[in-house]
Undergrad: 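Could you have a look at this structure, given as structure tokens, before my questions?
Computation of the quantities below employed the complete heavy-atom set of this structure, encompassing side-chain atoms and omitting hydrogens, waters and symmetry-equivalent molecules.
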Amino acid sequence: MISRLDKFTETALRTIHYFGMVFVVLMMLLTTVHAAGRYFLGLPVQGLVELSGYMLVTMIFLTVPYTAMVKGHIAIGVIVDRLPLRIQAAIDIFTHLPCLALSILAAYRTFIRGAYILQEGQVSTILGIANAPFVFIVACGWALFACAILMHTLNALSKVFKK
């Protein structure tokens with residue numbers, strides 16, 4: 001059961017990850033157009049900093065959950081890697097649980113903040129782009145990150161209680 005859920009979660013997060021990578025390409029294209037337009041035509045892209053900021057936030061919060069799912073982060077296990085697998089799994093549980101709790105809390109509070117920003121109708125300074133959709137992307141990123149951590153926690157639990 002866990003392996004099927006694990007595969008489904010990884011596939012979903014990979015798909016979202018690819019969508020987030022599109023924003024890297026868009027940022028590069030926008031920066032190139034800005035530089036070329038400014039240098040050759042004297043016409044820079046108005047609001048480049050705002051657009052780049054929104055794209056950066058989107059890219060980060062859509063790609064981090066998949067990176068967490070595939071354990072693509074840096075990990076140093078000088079001592080833990082030498083312990084038996086069950087003890088390693090138990091340590092993983094104790095490290096994942098606070099991370100899971102904090103990511104759920106961050107997702108919840110960010111959704112609340114997004115609702116407030118949506119109600120207030122806050123927009124960016126130069127281009128007048130609504131801020132709320134990007135805050136909701138951040139909240140979804142936190143929630144997806146929590147899903148990745150939950151899957152690691154369930155896998156560690158199955159290793160600890162395996163016969």
Side-chain angles (χ1 to χ4, degrees), residues 2-77 81 92 95-156:
I2 290 177
S3 69
R4 287 171 56 199
L5 184 60
D6 205 24
K7 286 183 182 189
F8 172 78
T9 304
E10 185 175 344
T11 302
L13 293 180
R14 185 182 317 114
T15 303
I16 293 166
H17 176 78
Y18 290 146
F19 185 68
M21 289 170 50
V22 168
F23 286 93
V24 174
V25 175
L26 291 175
M27 281 177 47
M28 290 187 307
L29 291 173
L30 182 65
T31 303
T32 302
V33 167
H34 172 76
R38 182 175 175 188
Y39 181 75
F40 294 116
L41 304 172
L43 298 170
V45 175
Q46 294 297 316
L48 175 73
V49 174
E50 284 181 2
L51 292 171
S52 293
Y54 285 137
M55 285 189 242
L56 187 63
V57 164
T58 303
M59 183 266 306
I60 289 170
F61 281 93
L62 294 182
T63 58
V64 165
Y66 179 71
T67 304
M69 185 70 188
V70 297
K71 296 183 179 181
H73 55 279
I74 296 172
I76 301 172
D81 288 347
D92 284 345
T95 57
H96 289 328
L97 287 177
C99 187
L100 179 63
L102 288 173
S103 59
I104 290 170
L105 179 63
Y108 172 70
R109 294 301 305 166
T110 308
F111 271 117
I112 290 173
R113 181 71 180 159
Y116 173 78
I117 289 172
L118 181 65
Q119 181 182 9
E120 291 292 313
Q122 293 181 11
V123 296
S124 65
T125 308
I126 296 171
L127 298 175
I129 298 171
N131 290 332
F134 298 98
V135 176
F136 286 124
I137 288 172
V138 171
C140 289
W142 277 115
L144 293 170
F145 181 73
C147 289
I149 298 301
L150 178 62
M151 291 311 304
H152 289 309
T153 305
L154 293 175
N155 286 329

Undergrad: Return yes if some donor-acceptor pair links the side-chain N/O of E50 with the main-chain N/O of L127 below 3.5 Å, else return no.
TA: yes
Undergrad: To the nearest 0.5 angstrom, please state how far the CD1 atom of I137 sits from the CD1 atom of I60.
TA: 12.5 Å
Undergrad: So, does H152 use its side chain to make a donor-acceptor pair with the main chain of D92 at under 3.5 Å?
TA: no
Undergrad: About how many Å separate CG of L100 and CZ of F145, when rounded to the nearest 0.5 Å?
TA: 9.5 Å
Undergrad: Quick check: do I129 and L51 have side-chain heavy atoms less than 4.5 Å from each other?
TA: yes
Undergrad: Could you tell me the separation between the CD1 atom of I104 and the SG atom of C99, rounded to the nearest 0.5 Å?
TA: 10.0 Å
Undergrad: Hey, could you give me the CG/OG distance between L154 and S3, rounded to the nearest 0.5 Å?
TA: 12.0 Å
Undergrad: With a 4.5 Å limit on heavy-atom distance, are the side chains of M151 and E10 in contact?
TA: no
Undergrad: Where do P65 and A148 come nearest, in terms of heavy atoms and distance?
TA: O-CB, 3.6 Å
Undergrad: Would you compute the distance between atom CG of L29 and atom CZ of F23 and round it to the nearest 0.5 angstrom?
TA: 12.5 Å
Undergrad: Atom CZ of residue position R38 - does it have more than 12 heavy atoms of other residues, nucleotides or ligands inside 6.0 Å?
TA: no
Undergrad: Side chains of M27 and L56, heavy atoms from C-beta outward: is any pair under 4.5 Å?
TA: yes
Undergrad: The test is side-chain contact (heavy atoms from CB on, under 4.5 Å); show your working for T9 and M69 and say whether it passes.
TA: CA-CA 8 Å; T9 304; M69 185 70 188; 4.1 Å; yes
Undergrad: Compare every heavy atom of F136 with every heavy atom of A115, then report the nearest pair and how far apart it is.
TA: N-CZ, 3.5 Å
Undergrad: Tell me whether Q46 at atom CD has more than 12 heavy atoms from other residues, nucleotides or ligands lying less than 6.0 Å away.
TA: no
Undergrad: With a 4.5 Å cut-off on side-chain heavy atoms, are N131 and Y54 touching?
TA: yes
Undergrad: side-chain contact (heavy atoms from CB on, under 4.5 Å) with Y66: which of L62, T63, V70?
TA: V70
Undergrad: Do L26 and L30 make a side-chain contact, defined as non-hydrogen atoms from C-beta onward lying under 4.5 Å apart?
TA: no
Undergrad: Determine the minimum heavy-atom distance between T58 and F134, stating which atoms define it.
TA: OG1-CD2, 3.5 Å
Undergrad: Do you know which two heavy atoms are closest between A132 and G114, and how far apart they sit?
TA: CB-O, 4.1 Å
Undergrad: To the nearest 0.5 Å, what is the distance between CG (L144) and CD1 (I149)?
TA: 12.0 Å
